[in-house]
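All chains are named by letter (A, B, ...) in the order of the sequence lines, taking the proteins before the strands, and each is independently numbered beginning at 1. What you see below is based on every heavy atom in this structure, not just the backbone, and it leaves out hydrogens, waters and symmetry mates.
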4 protein chains.
Amino acid sequence: MKKRQVHASVKDEKLIEKRRDQMIKGAVSLFKEKGFHRTTTREIAKEAGFSIGTLYEYIRTKEDVLYLVCDRIYDQVGERLQEELDMKRGNLESLKAAISFYFRVMDDMQDEVLVMYQEAKSLSKDALPYVLNKELEMVAMFEQVIRNCMEAEGMKLPEQEIQLMAHNIFVQGQMWGFRRWVLHKHFKLEDYIAGQIELLLNGLTKGENVKHGSISSN
Amino acid sequence: MKKRQVHASVKDEKLIEKRRDQMIKGAVSLFKEKGFHRTTTREIAKEAGFSIGTLYEYIRTKEDVLYLVCDRIYDQVGERLQEELDMKRGNLESLKAAISFYFRVMDDMQDEVLVMYQEAKSLSKDALPYVLNKELEMVAMFEQVIRNCMEAEGMKLPEQEIQLMAHNIFVQGQMWGFRRWVLHKHFKLEDYIAGQIELLLNGLTKGENVKHGSISSN
Amino acid sequence: MKKRQVHASVKDEKLIEKRRDQMIKGAVSLFKEKGFHRTTTREIAKEAGFSIGTLYEYIRTKEDVLYLVCDRIYDQVGERLQEELDMKRGNLESLKAAISFYFRVMDDMQDEVLVMYQEAKSLSKDALPYVLNKELEMVAMFEQVIRNCMEAEGMKLPEQEIQLMAHNIFVQGQMWGFRRWVLHKHFKLEDYIAGQIELLLNGLTKGENVKHGSISSN
Amino acid sequence: MKKRQVHASVKDEKLIEKRRDQMIKGAVSLFKEKGFHRTTTREIAKEAGFSIGTLYEYIRTKEDVLYLVCDRIYDQVGERLQEELDMKRGNLESLKAAISFYFRVMDDMQDEVLVMYQEAKSLSKDALPYVLNKELEMVAMFEQVIRNCMEAEGMKLPEQEIQLMAHNIFVQGQMWGFRRWVLHKHFKLEDYIAGQIELLLNGLTKGENVKHGSISSN
DNA sequence: GATGAATGAGTGTTCATTCAT
DNA sequence: TATGAATGAACACTCATTCAT
């Protein structure tokens, strides 16, 4: 899916990049605090460090800011995840590592993810599919990791359950951000990661040594 | 946590109940379509079947409508779930039944849940805790079901993992609604329920016959 | 051509009529002074005697005000002219009377006509044809008066010249308003009327006694 | 009346001339399409072929552009008319020729005239008199042609009617442009010219052969 | 209790103009 | 002399809320 272009009146590409960086950074911080709708374009401009007129040299509508924010966040998460996955071979260990890495990224980008998560629905019918597609790509990455893992470990899981597991991993990563109000009270990141991996994978390791020894029947 | 009172100028309690029913019904339908911020109070009044003046006889601010909506939805979900749980004894089967029932309720109330999910963050700092608390109560209900189940089946799971699993169940129920754009393309409700139960519980049933036979180590 | 409806949020037709009267009166005065584009909606509201919010209860866009103004002016001019024409039989005298009457109306409504004349072009592609059509109707009224006159007096003029003469009369009426900066310096209304009638009709009265005796070939 | 000077930062007179030519050409085309107020300075600069910064090296305000445009148009019309009149002796034939020539010029410069006609009112109180004065000069030229004609043909017309006739000629020329939406549907330029000349002059030719034989009493 | 006209602070967006490079 | 990024005052329009009837 081709990247949706956001129009800028300014020509200098380097400058556009720089200004949009400022803009996105400011916007994320404001959106986190008060949400997209309660944030004014003037506030975004001010937070970014320039005037309202300048803001509109780099976007066409307020919604463009939201799109830019979502686009940026997905790119960053996606890139970091891709890098990690490229390095691994694809056995059970690397699945765990991928999940762990992803959860850490989500922890790292909590604010951004929370914003995107809550505000993405405000994107226009035009921009939304592009953003949703990025989600699917990330889910697909997890699917592939799971498949590689299954093969390496000689396991089998119905295709639908692989998809479901991938979705679950993806959502649980976000969950650490958007349910922080409760989760962070009861879990440290390490515990959350360990716990979720345990819950996700204990079925896969049935009959083997359960690493964290957390479940024992009888 | 005591119920937050929404002020009404009108005295007749029966009337208040009736008017708020109309209001909530209309609001849910509008919020679903365009979100809380893009819906005007006039539209809510019109959809509810009375004038803007009358609307303000039963609420003080627009946000009150959102609160009323969220409150109502949680109450409905909570009540239905409680009823179901009261009927069961608490073994593995009833855990599965509870999850299944909860997922079906979420499917049934998809629109409402989606709305609440996306708009709850717009609640004031005053109203939000009350609503979040309702979430916690529901999560706690699942925790209890899981604990009952563990005991009945003679299993053990660390307290943290029980909490985590309860959260996962809760979020996966919502997920069926808020990720419908992709999930409904690949899963029928029955498959989704079966698949999630499988993934959630396969670790608990290690060594037993796996019902859906979906996992087999070499 | 059916009347273009301007949307009002307010229901009470009497009130709409009253408020729009205020609005049009204020707008004409402002448009005359600074033109449509340099007049702000707030100024219109203020001049009309109510708030900006109230203004927008009776129109949808600023352009609606212009349309309302143009519509009203044409209606008034048209009605007054029609009344006059209905009373006359249609000989040369009544043609003169009609021209004279029309010029007086234009003098009376100078401000309005000037405004309409200069700002009508700012109407949307949607509203313009409706207004232009009203012009044509008025021109057609003059055509008919001329034709009646020709017949009554036993004269003949090619159809095209009748049309042209009607256009000329129409424009010369407006001209008294939009070229007032020069005409009013050199002519009193009476002189302007007498002079134009003389110039318009001297050809028709060739060979008869020329009433104002203004032309005499050696 | 001395020419109003428009300030330029640039010194090179040749360059100023060249840039303003570009500017005026672009502006006329834009004003014609969307009017003065709806045209932005950026658009003018772009259409002229240089940057917004450069535009402001040759003018001080947007209104200067309008003034420059109006000035240029009047100069062109005036010059062409003067040339024509200088060649004629001043009898009835040359009056007709002058009118005919003027109407053709107005047809030729329709766009420019329309623009000027509709937008001149947007000139500042400062610039307007200068432009209006140019109109008066042109009207005066017609007055003189008429007077010459009267004398040459041994006719008499009161001074006021000469002035009026001159105004009428002037306005009828513009009318061909600003009422084109209706006139061009019913008249070819030739017919319009012939018709108007007929109507304008038939009174003057009473008792002679009426060229187009269009009027006959009894 | 019900109505809906009135209000005006607030919002997204534009655009003439400036000035450092 | 030419450029175009930056500015911010100004604008059209919206909408939650009030209150007289």
Side-chain angles (χ1 to χ4, degrees), chain A residues 8-12 15-16 18-19 37-46 49-65, chain B residues 8-12 15-16 19 37-46 50-65, chain C residues 8-12 15-16 18-19 37-46 49-65, chain D residues 8-12 15-16 19 37-46 50-65:
Chain A
S9 303
V10 169
K11 302 286 172 58
D12 186 334
L15 199 50
I16 293 179
K18 181 182 157 195
R19 293 283 180 251
H37 283 104
R38 290 201 217 275
T39 301
T40 69
T41 51
R42 281 176 162 77
E43 288 170 324
I44 296 171
K46 190 171 185 187
F50 37 70
S51 72
I52 181 66
T54 299
L55 178 70
Y56 275 88
E57 292 285 311
Y58 296 91
I59 54 162
R60 267 231 234 277
T61 69
K62 186 185 177 190
E63 202 224 284
D64 281 346
V65 179
Chain B
S9 305
V10 171
K11 293 284 143 39
D12 185 337
L15 199 48
I16 294 179
R19 292 282 183 248
H37 282 104
R38 291 199 220 277
T39 301
T40 69
T41 50
R42 279 175 153 82
E43 288 170 323
I44 296 170
K46 190 172 185 187
F50 38 71
S51 73
I52 181 67
T54 301
L55 179 70
Y56 274 86
E57 294 288 317
Y58 297 91
I59 55 162
R60 265 233 235 276
T61 71
K62 186 186 176 190
E63 202 224 283
D64 281 346
V65 179
Chain C
S9 303
V10 169
K11 302 287 172 59
D12 186 335
L15 198 50
I16 292 179
K18 180 182 157 198
R19 293 283 180 251
H37 282 105
R38 291 200 218 276
T39 301
T40 69
T41 51
R42 276 179 160 77
E43 286 170 327
I44 296 171
K46 190 172 183 185
F50 36 70
S51 71
I52 181 66
T54 300
L55 178 69
Y56 276 89
E57 292 284 311
Y58 296 90
I59 54 162
R60 266 230 235 275
T61 70
K62 185 186 177 190
E63 201 224 284
D64 281 346
V65 180
Chain D
S9 306
V10 170
K11 294 283 141 40
D12 185 337
L15 199 48
I16 293 179
R19 292 282 183 248
H37 282 104
R38 291 198 218 277
T39 301
T40 69
T41 50
R42 280 174 150 82
E43 287 170 324
I44 296 170
K46 190 172 183 185
F50 38 70
S51 72
I52 181 66
T54 301
L55 179 70
Y56 274 86
E57 294 289 315
Y58 296 91
I59 55 163
R60 266 234 235 275
T61 71
K62 186 186 175 189
E63 201 225 283
D64 282 346
V65 180

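- In terms of modelled atom types and a separation under 3.5 Å, the side chain of D:Lys62 and the main chain of D:Thr39 share a donor-acceptor contact.
- Distance from the side chain of A:Thr54 is smallest to F:dT7 among F:dT7, F:dC13, F:dT1.
- Under the 30°/60° scheme for interplanar angles, the aromatic rings of D:Tyr58 and D:Phe50 are found to be tilted.
- The line from CD1 of C:Ile52 to CD of C:Glu43 is 10.5 Å long, rounded to the nearest 0.5 Å.
- In this structure, CD of B:Glu43 is placed 8 Å from P of F:dC15, rounded to the nearest angstrom.
- When each of A:Thr39 and C:Gly53 is assigned the nucleotide of DNA chain E with its nearest heavy atom, C:Gly53 is the one assigned upstream, toward the 5' end.
- For the pair C:Tyr56 OH and F:dA16 P, the computed distance is 18 Å after rounding to whole Å.
- In this structure, B:Ile52 places its CD1 atom 7 Å from P of F:dA16, rounding to the nearest Å.
- Residue D:His37 contributes atom NE2, which lies 16 Å from atom P of F:dA10 at whole-angstrom precision.
- Of all nucleotides in DNA chain E, those with any atom nearer than 4.0 Å to a heavy atom of chain C start and finish, going 5' to 3', at E:dA5 to E:dG10.
- For the pair D:Arg42 and A:Glu57, the salt-bridge criterion is met [side-chain N within less than 4.0 Å of a carboxylate O].
- Residue-level contact check: B:Arg38 touches neither bases nor backbone, having no heavy atom under 4.0 Å from any strand.
- A heavy-atom distance below 4.5 Å is not found between the side chains of B:Thr61 and B:Tyr56.
- For the pair A:Lys11 NZ and F:dA2 P, the computed distance is 17 Å after rounding to whole Å.
- Separating the NZ atom in A:Lys11 from the CD1 atom in A:Ile16 is a distance of 9.5 Å, to the nearest 0.5 Å.
- Contacts of A:Thr40 with the nucleic acid, taken as non-hydrogen atoms under 4.0 Å apart, involve only primed sugar atoms and P, OP1 or OP2.
- Here the CD1-CD1 distance, from A:Ile44 to A:Ile59, works out to 7.0 Å after rounding to the nearest 0.5 Å.
- If you find the closest nucleotide of DNA chain E to B:Leu15 and to C:Ser51, the one lying nearer the 5' end belongs to B:Leu15.
- Of the two residues contacting DNA chain F, namely A:Phe50 and C:Ile59, the nearest-nucleotide position lying further toward the 5' end is that of A:Phe50.
- Separation of atoms OG1 (C:Thr41) and NZ (C:Lys46) is listed at 13.0 Å; rounding is to 0.5 Å.
- Note: CG (D:Leu55) to C1' (F:dT1) measures 14 Å, nearest angstrom.
- Atom pair D:Arg42:CZ and F:dT3:C1' shows a separation of 12 Å (rounding to whole Å applied).
- Put simply, CD on C:Glu57 is 14 Å from P on F:dC13, counting in whole angstrom units.
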For DNA chain F, what string of dots and brackets results from 5' to 3' when Watson-Crick and G-U pairs need both distances under 3.5 Å, crossing pairs get [ ], and pairs with another strand get |?
.||||||||||||||||||||
